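These notes are about the structure you will find just below.
Owing to the predicted nature of the structure, the values given are computational and were not obtained by experimental measurement.
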Amino acid sequence: MPLPGRFSDPRAITLFGLLAVSTATGLALGLRARRDRADAPLERVWHPQESVPLTPAEEHAFGEVVSRLSPGSTGRPR
C-alpha cells in the first residue's frame with residue numbers, strides 16, 4: 001500500500017528510515033557511555049600543594065576559605 005503524496009517517494013522513506021536508525025543508535029550509544037562513565041571511579045587530580053608542606057598560617061587560611069565555600073545548614077554557601 002503506497003503512502004499518499006510526497007511520502008510515496010522511496011527517497012523520503014529512506015531518509016526517514018536512516019534518520020530513525022541514526023537517532024536510535026546515537027541515543028543507545030550515549031546512554032551506554034553515560035552508564036559506563038558513572039561506574040568508573042573519578043580520576044584523582046594531583047595538586048601542587050600535596051607535595052609542599054604548608055605552614056600553620058597557610059593551613060588556617062585554607063581552612064577559612066573552605067569553611068566559607070562549604071554549604072551551610074540551608075545548603076547554600078555561607
Side-chain angles (χ1 to χ4, degrees):
M1 177 176 173
L3 295 172
R6 60 184 169 203
F7 296 111
S8 62
D9 187 2
R11 293 176 294 182
I13 296 170
T14 303
L15 177 66
F16 287 125
L18 287 174
L19 182 63
V21 169
S22 65
T23 301
T25 303
L27 287 174
L29 291 176
L31 290 174
R32 174 188 242 175
R34 180 181 286 178
R35 186 184 67 223
D36 291 344
R37 192 176 18 197
D39 293 341
L42 295 177
E43 183 178 333
R44 190 168 186 283
V45 177
W46 176 84
H47 193 275
Q49 288 182 343
E50 291 180 2
S51 60
V52 177
L54 299 177
T55 65
E58 289 172 331
E59 288 183 12
H60 178 72
F62 181 73
E64 290 291 318
V65 171
V66 170
S67 69
R68 289 184 188 154
L69 294 177
S70 62
S73 59
T74 60
R76 295 183 307 187
R78 297 183 216 176

Return all side-chain donor-acceptor pairs below 3.5 angstrom for residues 56-65, not counting sequence neighbours, or 'none' if the list is empty.
{"from": "E58", "atom 1": "OE1", "to": "T55", "atom 2": "N", "distance (Å)": "3.0"}
{"from": "E58", "atom 1": "OE1", "to": "T55", "atom 2": "OG1", "distance (Å)": "3.4"}

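- Residue T23 holds its OG1 atom at 10.5 Å from CG of L18, rounded to the nearest 0.5 Å.
- Here salt bridge (charged side-chain N to carboxylate O under 4.0 Å, His left out) pairs that include residues 16-26, with residues two or more places apart or in two chains, number zero.
- The side chain to side chain contact (heavy atoms under 4.5 Å, CB included) test applied to T25 returns V21, L29, not counting sequence neighbours.
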